[in-house]
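Each chain gets a letter, A, B and so on, in the order its sequence line appears, and its residues count up from 1.
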4 protein chains.
Amino acid sequence: MTRVTQAHIDARVGAIRNAARTVFARRGIEGATMSEIAAEAGLSTGAIYRYFQGKDDLIAAAFAEGRERTRQAFEKARATSGGMLEAIIEAGRLSLAEMMDHETVCLDLECALGSARAGGAIGEQTRAFREYTIDLVEGLVAAAQEAGELPPELDARGLSIVLNALVLGLGLLELEMGGRVDAEETLALLVRLVATPRSGTA
Amino acid sequence: MTRVTQAHIDARVGAIRNAARTVFARRGIEGATMSEIAAEAGLSTGAIYRYFQGKDDLIAAAFAEGRERTRQAFEKARATSGGMLEAIIEAGRLSLAEMMDHETVCLDLECALGSARAGGAIGEQTRAFREYTIDLVEGLVAAAQEAGELPPELDARGLSIVLNALVLGLGLLELEMGGRVDAEETLALLVRLVATPRSGTA
Amino acid sequence: MTRVTQAHIDARVGAIRNAARTVFARRGIEGATMSEIAAEAGLSTGAIYRYFQGKDDLIAAAFAEGRERTRQAFEKARATSGGMLEAIIEAGRLSLAEMMDHETVCLDLECALGSARAGGAIGEQTRAFREYTIDLVEGLVAAAQEAGELPPELDARGLSIVLNALVLGLGLLELEMGGRVDAEETLALLVRLVATPRSGTA
Amino acid sequence: MTRVTQAHIDARVGAIRNAARTVFARRGIEGATMSEIAAEAGLSTGAIYRYFQGKDDLIAAAFAEGRERTRQAFEKARATSGGMLEAIIEAGRLSLAEMMDHETVCLDLECALGSARAGGAIGEQTRAFREYTIDLVEGLVAAAQEAGELPPELDARGLSIVLNALVLGLGLLELEMGGRVDAEETLALLVRLVATPRSGTA
DNA sequence: TATGAATGAGGGTTCATTCAT
DNA sequence: CATGAATGAACCCTCATTCAT
């Protein structure tokens, strides 16, 4: 009659998943050992297998956690009280803030690499999630254009792709350079580039 | 009288390095086995060790090769006969073309991940190279501004960072989405965003 | 005042031992896990250790149980009211009936294999028990010969070995072939072979 | 251009397979470790995997080897120059001789146990092989009956089953008792039981 | 007493690297 | 120079056993 609450299980699952994220970022997915993850979580190797099927399951959970964080950031930005442009900027700000965390970036990169390789699940989920973020930003851009907050002549989807790529690329750059990317400043530059009315149309 | 010409050695080194790039992209750095690389190069496993110290050495060579390709693309762009803006666009075009190749992107990502991890050399070289590309584009931007081809009020370094990040990010997106990123179209959008004169100076 | 009756303990011990026999037969001794045995017994893993020292102890108990069943079958046969030959036939019938049960055969085979391996106890007990069954049948045969129910020229011990081997071998065959061995029919054939008077003596 | 002859490969495969048979008999299939098998074969652990897919493959090879030996013994007996009864006796003699070797018996028992468990291949092959030996002996018995060397009233298939079971059972007994079964003497007893003309037909 | 989470040693397997040929 | 068989360390995973509750 040992009482093992769901809360306890959830806590363990969360702790292991976070430990995995940390170690995956530190050593890479393949380089991470279950022992190191267990140690990081303060457990023995075998304990992990009570909560996760195996390493693959843990990888999937770590990736899913990353997507969930981003998704929540986007939902929060979308719920901003300001205008459409404000929502876009807020989404960028939150995304960039996330990407300044090397752990997050490392996992995103591993995710991207995983999507380019065999084994279906990761690739499919990554692709689907990217579709989601691109669609979401495209929608925001279109709405902003309709509200007259963004120049109407810009291609909404193209701009969304550019903005998504920028966030990813800036994270990558920050990872490589370590502290040299100023998110706020870059955001300001972007706003100026995109939101400023142009003199000519072509 | 065993005659082993330098040309022969160079050819072998090149073949192995290219095979390594292919297999690294296909399986990931850790997932790639020396045997598969050897097979890809049409050699036996042991032969690699006559030309490279070991796997780490091969990884370094593969990464260096990637940097060299990019460097040559940049030099070629810089030598364009057109104006400064033309040179920037050409650099973007060449960089983007490279990044549409998944093998290149995979290796760039592995490189970025490697830079975030232990072992010193890769991180240092990656950082130094990124510094080089950012400096180079910054110089081009400044020159273009001086030539009146770009708005003078833009921060040259910030813009360079944005452009560098964009190239990386678009490559990553293309890797994830597989064929959905149109490099030319995106380039056109960027030119419009950056090079179009603004009505107000803000 | 925690009252734990001996009956309760015996019931637990018996349940666990039977569960062990079932799982040992299903997965093999090595392949059986304490968890599966516990589940089969409707207990938790840890509970087993209150009634048995460990897996080895449980194995010994499972084997002992098998021997006990056989011993009882033999005693029952010996107590038959008919003649000596009848007792032998009854012993054969009961033994064969047991051996038509795959679980029993599996455990007997594991027992035989165990006797061929390291650990002293199992081997010794198996050997001693086989000595017992051979001696017992030998005694029955000798008695039957004395009673004129079996040809006197047959070597009693040799015949006992043959009969013991046959029971084991038929069980093994039934295990391998699954339902193709007809115990009754085989028994009839044996009776005819052994008990029929011969025309010549040599 | 290292010359690795097929003979060398065959020798290795044979050595590993024999080492596996020895260790399987000594520790049981599950209890045997690849390390111990490798050591028994005078190799390192990893070397085995160049010649066998894995442990399962090695198990299958070890079992197949056992079947092959028995098959050859049977073919040899069948080719005897004497009469049909002589062939049966020779088959029994060769089979029993094999079964006096504990290693062979251990593997046969493991094989029988394997056939009772999940995983299709072993069970199917074991069953098919037993069918083969039973059919073969049945054929010999029928031929002997036709030649007047065996009583015609005996059921050929039933007798074949009995004889097959006997060989297996005697091997098992020998394994348990260690040197107490005299194959020749038992064979003589059997011949007397089976081949002696009966006074009545029952 | 009973539970089942946790431990950690040990097994199967892979693969970077070496070296005899 | 090239080959590829061999080595052996290290990984993922399982499971007998323990122990706090």
*Test D:Arg117 against every option in C:Glu110, C:Glu176, C:Glu30 by the salt bridge (charged side-chain N to carboxylate O under 4.0 Å, His left out) rule and name the one that passes.*
C:Glu110

*By ring-ring contact (aromatic ring centres under 6.0 Å, His included) - contacts of D:Tyr49 (at least two apart)*: none

*Can you name the ring-ring contact (aromatic ring centres under 6.0 Å, His included) partners of C:Phe129, sequence neighbours left out?*
C:Tyr132

Name all residues meeting the side-chain contact (heavy atoms from CB on, under 4.5 Å) criterion together with [X]; count only those two or more places apart in sequence or in a different chain, and write none if there are none.
X	value
B:Ser35	B:Thr33, B:Thr45
B:Ala47	B:Leu43, B:Ser44
C:Cys106	C:Ala25, C:Leu175, D:Leu113, D:Ala116

_Residue mapping more 5' on DNA chain E - nearest nucleotide basis, C:Ser44 or A:Ser44_ = C:Ser44

*Where along residues 57-66 of chain B does a heavy atom come under 4.0 Å from DNA chain E, residue by residue in number order?*
none

Scan [range] for pairs that pass salt bridge (charged side-chain N to carboxylate O under 4.0 Å, His left out), counting only residues two or more places apart or in two chains.
range	value
residues 8-20 of chain C	C:Arg17-C:Glu65
residues 45-63 of chain C	none
residues 34-49 of chain D	D:Arg26-D:Glu36, D:Arg26-D:Glu40, D:Arg27-D:Glu36

Within this structure, what is the [atom1]-to-[atom2] distance between [X] and [N], rounded to whole angstrom?
X	N	atom1	atom2	value
B:Ile9	F:dC1	CD1	C1'	10 Å
B:Ile37	E:dC15	CD1	C1'	12 Å
D:Glu36	E:dG10	CD	P	14 Å
D:Ile16	E:dT13	CD1	P	13 Å
A:Leu43	E:dG8	CG	P	11 Å

_Closest to side chain of C:His8, choosing from F:dC1, E:dA6, E:dA2_ = E:dA2

*Can you give the dot-bracket line for DNA chain F, using ( ) for pairs inside the strand, [ ] for pairs that cross earlier ones, | for pairs with another strand and . for unpaired bases, where Watson-Crick and G-U count if both distances are under 3.5 Å?*
.||||||||||||||||||||

*Go through the steps for D:Ile37 and D:Phe52 under the test side chain to side chain contact (heavy atoms under 4.5 Å, CB included), then give the verdict.*
CA-CA 12 Å; D:Ile37 294 170; D:Phe52 292 91; over 6 Å; no

*Base, sugar-phosphate, or nothing for A:Ile48, non-hydrogen atoms under 4.0 angstrom?*
nothing

_Taking only side-chain N and O atoms of B:Arg12, does any of them lie within less than 4.0 angstrom of OP1 or OP2 on F:dC1?_
no

*Would you tell me if any nitrogen or oxygen in the side chain of B:Arg50 comes within less than 4.0 Å of OP1 or OP2 on F:dT3?*
no

*What residues form a side chain to side chain donor-acceptor pair (under 3.5 Å) with C:Thr104, not counting sequence neighbours?*
C:Asp101

*Quick one: what's the B/S/- string for nucleotides 14-19 of chain F, heavy-atom cutoff under 4.0 Å, read 5' to 3'?*
BSSBB-

